[in-house]
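Beneath this line is the structure, given in C-alpha cells, with notes to follow.
Atom set for the values below is all heavy atoms of this structure, side chains included, hydrogens, waters and symmetry mates excluded.
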Amino acid sequence: QVLLVESGGRLVQAGGSLRLSCAASGRTFSSPAMAWFRQAPGQEREFVSAIDFSGGFKFEADSVKGRFIIYRYNHKDMVYLQMNSLKPEDTAIYYCAAGKITTRDRNLYNYWGQGTQVTVSS
C-alpha cells in the first residue's frame, strides 16, 4: 500500500503562483511513477503532469505547459507541482497519484490522495 497526502491548495489571484506538495509513505518503491491530476466541478478528472522515479522523464498537459513544473525529492518521498501564471480555469481539486508506469492514463495509477482545493480568482 502507498499513502498519498496532498497539501498547499488555497485561494489565489489570477497570475499568482502556488506550490502543491504530495507526501508519499508505505511501499513507495512498488509504485515509482508519480502524477498530478485535477478535477473541476462537473468535469472528469484530467491529467496535469507526470514524472518517473529518476525525475529525468516528465511531461505535462498542453493546458499547463510552460506554467506548471513537476519535480520530486525521493529522499523525502515528496512530489511537488509548482504552478505559475495561474488562471481561473486552473480552479479544481488537485490529486496526487502513484503507479508503476509514467503515463497520462489515470486508469493506470493505483494509489490516489484525497486532493487539495485550488481556487483561482479573476
Side-chain angles (χ1 to χ4, degrees):
Q1 285 282 45
V2 177
L3 178 64
L4 302 173
V5 179
E6 304 95 334
S7 62
R10 63 176 175 86
L11 174 65
V12 63
Q13 287 190 333
S17 296
L18 273 181
R19 189 183 76 164
L20 303 184
S21 301
C22 174
S25 60
R27 299 171 60 88
T28 57
F29 60 88
S30 68
S31 297
M34 300 293 292
W36 288 94
F37 288 79
R38 67 186 181 184
Q39 188 167 18
Q43 297 186 22
E44 290 190 354
R45 192 169 299 188
E46 66 172 4
F47 170 76
V48 175
S49 188
I51 188 168
D52 72 346
F53 180 77
S54 73
F57 175 59
K58 54 186 174 181
F59 55 96
E60 59 281 330
D62 288 343
S63 58
V64 305
K65 196 178 295 289
R67 300 189 297 122
F68 291 11
I69 301 170
I70 188 171
Y71 60 100
R72 63 191 297 169
Y73 291 147
N74 289 336
H75 65 287
K76 295 184 178 180
D77 283 331
M78 296 291 296
V79 178
Y80 302 94
L81 185 68
Q82 178 66 43
M83 305 189 296
N84 302 318
S85 302
L86 283 161
K87 305 175 182 180
E89 50 263 45
D90 294 320
T91 295
I93 299 174
Y94 283 71
Y95 297 91
C96 179
K100 295 184 183 298
I101 301 172
T102 312
T103 176
R104 64 180 65 234
D105 186 346
R106 65 176 185 264
N107 295 311
L108 296 180
Y109 288 92
N110 309 101
Y111 302 101
W112 293 84
Q114 293 300 305
T116 185
Q117 176 71 49
V118 173
T119 303
V120 184
S121 64
S122 58

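- Put simply, the side chain of Thr91 reaches to within 4.5 Å of the side chain of Gln117, judged on heavy atoms.
- Using a 4.5 Å heavy-atom threshold, the side chains of Tyr80 and Cys22 count as separate.
- Looking only at distances, no side-chain donor or acceptor of Gln82 sits under 3.5 Å from a matching main-chain atom of Ile69.
- Rounded to the nearest 0.5 Å, atoms OG1 (Thr28) and CG (Leu3) are 11.0 Å apart.
- The shortest non-hydrogen separation linking Asn110 to Ser31 is OD1-OG, 4.1 Å.
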Item to complete: Assess whether side chain to side chain contact (heavy atoms under 4.5 Å, CB included) is satisfied between Ser17 and Asn84, documenting all intermediate values.
Response: CA-CA 4 Å; Ser17 296; Asn84 302 318; 3.0 Å; yes
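- Exactly one residue among Leu4, Val2, Asp52, Thr102 makes a side chain to side chain contact (heavy atoms under 4.5 Å, CB included) with Met34. That residue is Leu4.
- Side-chain N or O atoms of Lys100 include none that pairs as donor or acceptor with a backbone N or O of Ala33 at under 3.5 Å.
- Residue Tyr73 qualifies as open at atom OH: its count of foreign heavy atoms under 6.0 Å is 12 or below.
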Practice prompt. Check the pair Lys76, Ser21 against side chain to side chain contact (heavy atoms under 4.5 Å, CB included), reporting the backbone distance first and the verdict last.
Written response: CA-CA 11 Å; Lys76 295 184 178 180; Ser21 301; over 6 Å; no
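- Phe37 and Tyr95 have their aromatic ring centers separated by at least 6.0 angstrom.
- Two rings, from Phe47 and Tyr109, have their centers 6.0 Å or more apart.
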Item to complete: Could you give me the CA-CA distance, side-chain angles and deciding distance for Val48 and Met83, then say whether side chain to side chain contact (heavy atoms under 4.5 Å, CB included) is met?
Response: CA-CA 11 Å; Val48 175; Met83 305 189 296; over 6 Å; no
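- Rounding to the nearest 0.5 angstrom, the gap separating the OG1 atom in Thr116 from the CD atom in Gln114 is 11.5 Å.
- At distances below 3.5 Å, at least one donor-acceptor pair connects side-chain atoms of Ser49 with backbone N or O atoms of Phe59.
- The backbone N or O of Arg106 lies less than 3.5 Å from no partner atom in the side chain of Arg45, so there is not a single donor-acceptor pair.
- Minimum interatomic distance between Arg38 and Ser63 (heavy atoms only, all atoms of both residues): NH2-OG, 3.6 Å.
- To the nearest 0.5 Å, the span separating CE on Met78 from CZ on Arg72 amounts to 11.5 Å.
- Distance CD/Gln13 to OG/Ser122: 9.5 Å, rounded to 0.5 Å.
- The hydrophobic clustering, which links ILVMFWY residues whose side-chain heavy atoms are closer than 4.5 Å, places Leu81 and Val12 together.
- Atoms CG and CD1, on Leu108 and Ile101 in that order, are 5.5 Å from each other to the nearest 0.5 Å.
- Within a 6.0 Å sphere centred on CZ of Phe53, other residues, nucleotides and ligands contribute 12 heavy atoms or fewer.
- Side-chain N or O atoms of Glu6 include one that pairs as donor or acceptor with a backbone N or O of Gly115 at under 3.5 Å.
- No continuous path of ILVMFWY side-chain contacts below 4.5 Å connects Tyr71 to Val64, so the two sit in separate hydrophobic clusters.
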Worksheet entry | Audit row: Gln1, Tyr111, side chain to side chain contact (heavy atoms under 4.5 Å, CB included) steps and yes/no | CA-CA 8 Å; Gln1 285 282 45; Tyr111 302 101; 2.9 Å; yes
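- A distance of 11.0 Å separates CZ of Phe29 from CG of Asp77, quoted to the nearest 0.5 Å.
- Contact check for Glu60 versus Ile70: no side-chain heavy atoms found under the 4.5 Å cut-off.
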